[in-house]
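All remarks here apply to the structure that follows.
In each ligand, atom 1 is the first atom listed, and ligand 1 is the first ligand listed.
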Amino acid sequence: MIQLIQKAQLWPDKVAIKDRQIAFTYQDLLKKSRAVASLLLHGKDDLREERIAFLLHPGFDYVSVQWGVWQAGGIAVPLCVDHPLPSLQYVLEDTAAKSLIVHPEFEEMLIPLAKELGISLLSMDRLDFPPGATLPEFPLDRRAMILYTSGTTSLPKGVVTTHRNIESQIQTLVNAWEWQAEDHILNVLPLHHVHGIINVISCALWSGACVEFLPKFSPQAVFKAFSRGEINLFMAVPTIYYKLINYWKNMGAAEQKNLSDRLASFRLMVSGSAALPVSVLEDWKRISGHTLLERYGMTEIGMALSNPYRRERRPGHVGLPLPGVELRLVQENGQVAGEGEEGEIQIKGPNVFLEYWQKPEATSKSFIDGWFRTGDMAILNNDSYRILGRNSVDIIKSGGYKISALEIEEVLRSHPAIKDCGVVGLPDEEWGEVVAASLVCPDQKPDVKKVDQWLRTKLPAYKVPRRYIFQEDLPRNTIGKVTKNALKAFF
Ligand code: MCA
Ligand code: AMP
């Protein structure tokens, strides 16, 4: 049996999940996930890597289904509840999912698509659980999960991790950050990415701790949950800390003091998924007394670098490789960089993903001599790595989400009034970067509001440009390629 699920038997009566103030024990989770597994197996002895997609709000049902898919031998494909239909369709088609389990509110929207794709659509409130099936045994190298990530190609790629990858990613963090059964963490992150799935939920449940879910992020709801007094751990992207700081600044003095006292008793607060501005680190320290632990990771590798749990954390730095993670910096000429020299981060270890789903060429291009090429540039500076940025201007990080400029450009070009376009990320205090688009519309300039509405039916809201300009032509180099850095200057 998968260790994560096996370990849950150690603490059957402990609370595993708090979801809308309802407490679910580890026993509840084992029972429900086993029922989901039996339902999915439906007489078969093993799902043998069948892809099972699910569109569920973060909470007890989400985890029950994830664990159910794993126990039945399937591959978990979590979908994002905020994505529009075309984004969901892309993942369902790409993975050739066999079944899709949904929260009832999404059922109607998905009936026609499920029919068209021949997917069995199951509504979470009407699942008919058969008696407990015998669960399959399989090796740890079995594919476990596919998460979609944007890269330097226009369409997102499915990152496949095995049970061994996932166990290694969890175990490393549980040890490095000293997770304990007494811990209680608040999850505010979306559950179609590693940050929420591995760092928050899986590490907590591996440790016998409690995960509390907020239905929707808002600073007010986060602070209200903190003030109840049980939560002692928090992990988020820099944008979330920025929003919390701004909200805190507008609170009354007495409220601020109560909250600061409460935060001071936390065991650990972590930031990641994007560069943490030193100003945010300092503001948060003034409010909470905590120096945020900044770490560096990626969907393909889980977490690779971390500031220390017990020793001094360096602002603007992401620490050293986690145990079991091998890291090298490689210069443009292929030489391994020495201390004080810049290079691309390359990673090896049991944490590194298996493949991009059904993209052998993309997979092999992303490795060199067995090392995974992250595309992130860094430097080793006095025993701590510092991230310098990415080696591609076409990858944007906004609110902790990785966004491909090429994907947005391709959609924009399908608009009848848009002949050409260029998408870039502009530096932004709150979001890290904001998406901006230059449109070339020779006949008639479309109404930007209408373009925005139209885009939101095709792309998730976080990929939609927040700033537009119109140009007669895009800036190009001598071979006709759009020069993105020059384009940024026009904004
Ligand atoms: C939303 N808005 C934005 C953006 N996103 N504006 C500019 N840029 C954006 N990126 C606007 C919305 O359009 C809306 O305005 C308003 O903000 C509120 O939208 P809402 O969706 O409610 O925003 P939010 O709930 O405040 O979301 C902010 C957020 C979210 C909570 C920071 O972006 C988030 O959950 N980010 C975390 C992503 C994550 O988990 N990444 C991990 C992947 P309007 O109404 O005008 O539209 S990276 C990873 O996993 C690796 C392994 C790692 O290292 O961790
Ligand atoms: P994703 O592919 O969505 O998992 O995002 C991974 C990317 O987020 C990395 O390749 C980095 O570019 C970025 N990232 C994650 N953590 C940090 C950090 N602490 N500082 C700077 N960038 C980060």
Legend entry - Contact check: K397 vs ligand 1, nitrogen or oxygen atoms, below 3.5 angstrom: no
Inset, instruction - May I ask you to say whether K249 pairs ionically with D283, meaning some side-chain N is under 4.0 Å from a carboxylate O? - result: yes
Legend entry - For E294, atoms of ligand 2 separated by under 4.0 Å from a heavy atom: 18 (C), 19 (N), 20 (N)
Inset, instruction - Write out the residue and atom name of the closest protein heavy atom to atom 10 (O) of ligand 2, then the distance separating them to 0.1 Å. - result: D376 OD2, 2.5 Å
Legend entry - Heavy atom of E430, distance to ligand 1 below 4.0 Å: no
Inset, instruction - Would you mind checking which non-hydrogen protein atom is closest to atom 30 (C) of ligand 1, with the distance to 0.1 Å? - result: Y401 CE1, 4.1 Å
Inset, instruction - Output yes when E407 and K458 qualify as a salt bridge under the 4.0 Å nitrogen-oxygen rule, no when they do not. - result: no
Legend entry - Residue part near ligand 2, for H193, under 4.0 Å between non-hydrogen atoms: neither
Inset, instruction - Keeping the roles fixed (side chain from H195, backbone from L189), state whether a donor-acceptor pair exists under 3.5 Å. - result: no
Inset, instruction - Could you pull out, from I240, L191, V194, V464, the option with a heavy atom nearest to atom 32 (C) of ligand 1? - result: I240
Legend entry - Closer than 4.0 Å: a protein non-hydrogen atom to atom 12 (C) of ligand 1: yes
Legend entry - Validation row, ring centre F234 to ring centre F226 under 6.0 Å: yes
Legend entry - Salt bridge R413-E409, side-chain N to carboxylate O under 4.0 Å: yes
Legend entry - Proximity to ligand 2 by part of S150, non-hydrogen separation under 4.0 Å: neither
Legend entry - Salt bridge present between R386 and E294 (N-O < 4.0 angstrom): no
Legend entry - Residue, atom name and distance, where the atom is the protein heavy atom closest to atom 36 (N) of ligand 1: G399 O, 2.8 Å
Inset, instruction - Under 4.0 Å from a heavy atom of T149: give me the atoms of ligand 2 that qualify, with their elements. - result: 2 (O)
Inset, instruction - Over 60° means perpendicular and under 30° means parallel, so classify the ring planes of F106 and H57, tilted if in between. - result: tilted
Legend entry - Nearest option to atom 4 (C) of ligand 1, as decided by whichever heavy atom of Y462, W431, F217 sits closest: W431
Legend entry - Residue part near ligand 1, for R456, under 4.0 Å between non-hydrogen atoms: side chain
Legend entry - Heavy-atom proximity to atom 21 (C) of ligand 2, best of G297, G316, S273, A275: A275
Legend entry - No-hydrogen, no-angle side-chain donor-acceptor test under 3.5 Å, E300 and Y356: yes
Legend entry - For K243, atoms of ligand 1 separated by under 4.0 Å from a heavy atom: 26 (O)
Legend entry - Any side-chain donor near an acceptor of the partner, N165 and N351, under 3.5 Å: no
Legend entry - E332, CD atom: more than 12 neighbouring heavy atoms under 6.0 Å: no
Legend entry - Atoms in ligand 1 with a heavy atom of T299 nearer than 4.0 Å: 52 (C)
Inset, instruction - Could you tell me whether R267 and E178 have a side-chain N and a carboxylate O separated by less than 4.0 Å? - result: no
Inset, instruction - Indicate whether the side chain of E433 and that of S398 have a donor and an acceptor atom separated by less than 3.5 Å. - result: no
Legend entry - T374, any N or O under 3.5 Å of ligand 2 N or O: no
Inset, instruction - Establish, yes or no, whether a centroid distance under 6.0 Å links the rings of F24 and F213. - result: no
Legend entry - Part of T299 within contact of ligand 2 (heavy atoms, under 4.0 Å): both
Inset, instruction - If you have a sec, work out which protein heavy atom is nearest atom 19 (N) of ligand 2 and how many Å separate them, to one decimal? - result: R295 O, 2.7 Å
Legend entry - Ligand-side contact atoms (ligand 2) for residue partner V318, heavy atom cut-off under 4.0 Å: 19 (N)
Legend entry - Per-atom contacts of ligand 1 with R295, taking only distances under 4.0 Å to non-hydrogen atoms: 53 (C), 54 (O), 55 (O)
Legend entry - Sub-6.0 Å ring centroid separation between W177 and Y309: no
Legend entry - Heteroatom proximity flag, R466 to ligand 1, N/O under 3.5 Å: yes
Legend entry - Where ligand 1 meets G400 - atom numbers and elements under 4.0 angstrom, heavy-atom basis: 41 (N), 42 (C), 43 (C), 48 (S)
Legend entry - Nearest option to atom 50 (O) of ligand 1, as decided by whichever heavy atom of H195, M303, H192 sits closest: H195
Inset, instruction - Considering heavy atoms of the protein only, find what lies nearest to atom 53 (C) of ligand 1 and give residue, atom and distance to 0.1 Å. - result: S273 OG, 3.3 Å
Legend entry - Under-4.0 Å protein heavy-atom contact, atom 16 (C) of ligand 1: no
Legend entry - S202 versus W206, side-chain donor and acceptor atoms under 3.5 Å: no
Inset, instruction - Would you check, one step at a time, whether the test side-chain contact (heavy atoms from CB on, under 4.5 Å) holds for I396 with V423? - result: CA-CA 9 Å; I396 300 166; V423 168; 4.1 Å; yes
Inset, instruction - Using distance alone, decide if ligand 2 has a nitrogen or oxygen within less than 3.5 Å of any nitrogen or oxygen in E300. - result: no
Legend entry - Ring centres under 6.0 angstrom apart (F54, Y62): yes
Inset, instruction - Look at the aromatic rings of H415 and W454 and report parallel, tilted or perpendicular, splitting at 30° and 60°. - result: perpendicular
Inset, instruction - Just go through A274, G272, S392 and tell me whose heavy atom is the nearest to atom 17 (C) of ligand 2. - result: A274
Inset, instruction - For atom 21 (O) of ligand 1, find the nearest protein heavy atom and state the residue, atom name and distance (0.1 Å precision). - result: K216 NZ, 4.0 Å
Inset, instruction - Give the numbers and elements of all ligand 1 atoms closer than 4.0 Å to a heavy atom of L189. - result: 40 (O)
Legend entry - Any donor-acceptor N or O pair under 3.5 Å, side chains D61, S64: no
Legend entry - Polar proximity ligand 1 side, A461 side, N/O cut 3.5 Å exclusive: no
Legend entry - For atom 5 (O) of ligand 2, closest protein heavy-atom neighbour: K397 NZ, 2.9 Å
Inset, instruction - Number the atoms of ligand 2 from 1 as they appear, then name those within less than 4.0 Å of a heavy atom of K402, with their elements. - result: 1 (P), 2 (O), 3 (O), 5 (O)
Let me check something: any side-chain donor-acceptor pairs from residues 315-328 under 3.5 Å, sequence neighbours excluded? List them with distances.
residue, atom, partner, partner atom, Å
H317, ND1, P315, O, 2.9
H317, NE2, R314, NH2, 3.2
H317, NE2, N381, ND2, 3.3
R328, NE, Q346, OE1, 2.9
R328, NH2, Q346, OE1, 2.9

Legend entry - Note, T172 side chain near M303 side chain (heavy atom, < 4.5 Å): no
Inset, instruction - Considering only protein heavy atoms, determine whether one is less than 4.0 Å from atom 26 (O) of ligand 1. - result: yes
Legend entry - S398: numbered ligand 1 atoms lying under 4.0 Å from its heavy atoms: 8 (N), 9 (C), 10 (N)
Legend entry - Nitrogen or oxygen of G302 less than 3.5 angstrom from that of ligand 1: no
Inset, instruction - Look at ligand 1 and say whether P190 reaches it with a heavy atom at a distance under 4.0 Å. - result: yes
Legend entry - Atom indices of ligand 1, in the order listed, that fall short of 4.0 Å to a heavy atom of G297: 54 (O)
Legend entry - Side chains of H83 and Y462, donor plus acceptor under 3.5 Å: yes
Inset, instruction - Kindly indicate whether atom 6 (N) of ligand 1 is approached by any protein heavy atom to under 4.0 angstrom. - result: yes
